[in-house]
Amino acid sequence: MAKLKHDFPAELPADLNDQQIRAVTTIEGPVLIIAGAGSGKTRVITCRIAHMLETGIPQSAILALTFTNKAAREMELRVKELTGKKLQNLTVSTFHAFGVKILREEIERLGYRKNFSIYDETDRISAIKESLREHRISTEGVDLYALGQLFSNIKIGRFTWGDGANDAYEPVYKEYQHSLKTYNALDFDDLLTLPIELFEKYRETLEKYRNRYRYIMVDEFQDTSFTQYRLMRLLADRNVCVVGDDDQSIYSWRGANYENILMFERDFPGAAEIKLEQNYRSTTTILEAANGVISNNTNRKEKRLWSGNKGGKPVELFFPQHESEEADFIASQVKKIMIQDKLKYDDFGVLLRTNSMTRSIEEAFLAENIPYRVSGGTSFFQRKEVKDILSYLRLIANTNDDVNLLRIINTPRRGIGKTTIGVLMDLARKNHTTLWDAMEKLRYSPDTLFQEAAKNRAEIDEFMTLIETYREEMLGKRLLSAKTRSLVDSIDYWSYLVTEYSKNDKIAKWKFLNIESLIQSMETWEKDPDNADPSLYAYLNRISLITRDDGNDDEAGKGKVNLMTIHASKGLEFPVVFIAGAEDGIIPHERSMEEGEGDLNAGPIEEERRLFYVAITRARDKLFITSCLRRRRIQSTTDCAPSPFLAEIPPHLIEHHEPDKAVESPEEAKNYFAMIKSKFS
């Protein structure tokens, strides 16, 4: 088959494979493109749009829908580069932005005015609160986030009233909907549901848009929700192309429905199906490992990725004793491979099932002076509750630290008002002193001198006494972790969290566990036999290095190691990937195991397997997987079983990593893995 550049007037890539060329040139009728991981999906989509333009299809007739503004911008930029044309009339958009475009033109048909507002989450919660008050229902004790989710599910049709205990909120929902219309406002769900309502009520409006957008493309089709599918189905007359991979459907928790691929085949009989199975990213070894895992899913399109990059290093499997050994292993391998293979820090990806698992790895990177960035979540040491406790420790170490004093003077709340803080800041400014010195002055001055702030004298005295007591306890002495735990108890931080998150005690518990995790890491650090200085100052210096925002590494061209959740890694690739915490109850998550009742082919567990597949296929050249024998949870250590998915990787692709001080012989390691496999077979 002739290469692409000979087929088109535009300068398009000449190295597309046969299936990619077929996907690019099949522009009439319904088309389903199954695009495997690393198969050049975005390239195919942009070449396809460019080809359509070169064959004379006007820009205004093409609608390309994707999921993020970033993806839409990248797609449009690539088409510009391929065609050299200005694209004022081409519509490349997210689903929601496209919904806004329709509603700006047509919403008056539904009884709204064109200058409608779009509520963000804060506005939406306020409207729900007001609707509760209208029905004389106290907002105390109501989980407003959960109620908002219920209203969203009702609106998009996932739930209906009359199904259970939540029916009491039906009048509140109706009030909320009435409120939106009264204020000429839409919430995020309306941006999809109202265009659907418009098209279903007014056939002539639907025909208008069908005639305008005669060629429709949908990217990441496996991530579309049922509502997005309905909108696409209404608009798509004949020439519709959807691109996706059911093996990478990992967002059911936010409404994605991988079965939309099956619905597409039913609704568009005779659709051309094109499979992109050549992977341009990974070695054959990594792809065989991924194929071995995903082939165990029963509800999927049959496909098998292959690579021209033959061979490859084996998948290296390591069973560390605990998470600290796991983190040390990852850090040491990063340093070692970086030198051996002349890689940069940003060539490494460390993938975790949940963001709560980053702490030990962050600490290991600090110890080895490895720069890193946390994506898809907040760095452990940047979480509010962790920063609060660290601020107490920093103020104890240095009472002249105004920044940290202001952070915690009223956290937890101790009744020191803004007026008093303003008086203290004015006093410090006038006398060129610190806030602590100003507090000392207020503490011992007569009431008449600072009348506005004198009412908080007792609270200020109590706060200063707390800091002074722990300063005496902590400076130059050992048992820092035990004293920090005592400090957390003294300020009653748990009660503060319970009050702050009274509607969701799970968040309060999770945040308090983060504090416990901080104290545990402190305990490990001070008990380290190589730690010659387990003092408060040494600890804070160490933490400051973790939390620094230093661009020097990037400027030196080395970048930073990418530490992220598996969900956040989708669409990315790295020469070297570490999948950490491959343990039963983590991958697959224990919640999925409960929902699937232990059946490894139940829907929730199949999604976890897809998640593991996504993690494996992020690796280009080398893949490490770690599975701890024990992991610390709260204040106890529990034994861990390896993830059952490990037994689905073909054994000939695996090499067992032997630590420097081998606990087991290579033969014992093989026997151990055979035992794991038999357990889950």
Side-chain angles (χ1 to χ4, degrees), residues 12-13 16 20 23-24 31-53 59 62-83 85 87-102 188 191-192 195 213 215-225 227-229 231-232 235-236 240-258 260-261 264 276 279-281 349 375-377 562 564-574 610-611 614-615 617-618:
L12 298 177
L16 299 179
Q20 289 175 326
V24 167
V31 182
L32 170 60
I33 300 174
I34 304 294
S39 61
K41 171 180 66 73
T42 304
R43 199 157 171 260
V44 165
I45 292 171
T46 51
C47 286
R48 193 173 191 274
I49 295 172
H51 173 52
M52 291 163 74
L53 295 174
Q59 293 179 24
I62 299 172
L63 169 63
L65 296 170
T66 187
F67 276 81
T68 65
N69 291 315
K70 180 182 177 184
R73 286 193 299 270
E74 182 185 352
M75 196 180 293
E76 193 167 350
L77 180 63
R78 288 202 193 185
V79 174
K80 279 182 181 176
E81 290 172 348
L82 283 170
T83 62
K85 295 181 178 180
L87 303 175
Q88 295 102 322
N89 298 317
L90 179 69
T91 304
V92 182
S93 170
T94 65
F95 273 93
H96 289 89
F98 179 64
V100 172
K101 180 182 174 71
I102 294 170
F188 209 53
L191 304 183
L192 298 179
Y213 298 112
Y215 295 86
I216 297 174
M217 293 187 65
V218 182
D219 188 18
E220 300 287 6
F221 189 61
Q222 77 282 347
D223 293 335
T224 51
S225 66
T227 308
Q228 289 163 331
Y229 181 87
L231 180 60
M232 180 278 294
L235 274 173
V240 56
C241 173
V242 298
V243 187
D245 179 9
D246 52 341
D247 288 338
Q248 295 187 73
S249 179
I250 58 175
Y251 295 114
S252 68
W253 47 275
R254 67 183 192 197
N257 181 16
Y258 76 95
N260 283 352
I261 291 176
F264 180 85
L276 305 181
N279 176 285
Y280 291 91
R281 176 188 299 155
S375 305
N562 301 277
M564 61 179 60
T565 62
I566 302 173
H567 282 99
S569 74
K570 189 167 177 286
L572 304 177
E573 60 181 76
F574 307 99
R610 293 194 292 270
L611 191 62
V614 166
T617 53
R618 299 312 94 196

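Everything numeric in this text was worked out from a predicted model, so none of it was measured. In this chain, residues are counted from 1 in sequence order.
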Subject >> I49/L90 under side-chain contact (heavy atoms from CB on, under 4.5 Å): CA gap, chis, key distance, verdict >> reply: CA-CA 10 Å; I49 295 172; L90 179 69; 4.2 Å; yes
Original post:
With side chains defined as the heavy atoms from C-beta onward, is the minimum distance between L87 and L53 less than 4.5 Å?
Top reply: yes
**OP:** Drop me the distance from M52's CE to T83's OG1, to the nearest 0.5 angstrom.
**Re:** 13.0 Å
Original post:
Has the side chain of E76 got a donor or acceptor atom that lies under 3.5 Å from a matching backbone atom of R73?
Top reply: no
**OP:** Not counting sequence neighbours, which residues clear side chain to side chain donor-acceptor pair (under 3.5 Å) with H567? List them please.
**Re:** W253
Subject >> R618 side chain vs F574 backbone, donor-acceptor pair below 3.5 Å >> reply: no
**OP:** Please test V218 against F95 for side-chain contact (heavy atoms from CB on, under 4.5 Å), starting from the C-alpha separation and ending with a verdict.
**Re:** CA-CA 9 Å; V218 182; F95 273 93; 3.9 Å; yes
Original post:
Is it the case that more than 12 heavy atoms not belonging to K70 sit under 6.0 Å from its NZ atom?
Top reply: no
Original post:
For S39, does its backbone N or O pair with a side-chain atom of Q20 as donor and acceptor, under 3.5 Å?
Top reply: yes
Original post:
Checking Q222 side chain against D245 main chain: does a donor-acceptor pair fall under 3.5 Å?
Top reply: yes
**OP:** For residues Y213 and F98, establish whether the separation of their ring centroids is below 6.0 Å.
**Re:** yes
Original post:
When you measure from the side chain of T565 to the backbone N and O of A568, does any donor-acceptor pair fall under 3.5 Å?
Top reply: yes
Subject >> Shortest non-hydrogen contact between A72 and T66, atoms and distance >> reply: N-CG2, 3.6 Å
**OP:** Report yes or no: does R281 contribute a side-chain atom to a donor-acceptor pair with the main-chain N or O of A37 at less than 3.5 Å?
**Re:** no
Original post:
Between A35 and Q248, what is the shortest heavy-atom contact and its length?
Top reply: O-NE2, 4.2 Å
**OP:** Please check if the side chain of T224 supplies one atom and the backbone of F221 the other of a donor-acceptor pair under 3.5 Å.
**Re:** yes
**OP:** Report yes or no: does R610 contribute a side-chain atom to a donor-acceptor pair with the main-chain N or O of I250 at less than 3.5 Å?
**Re:** no
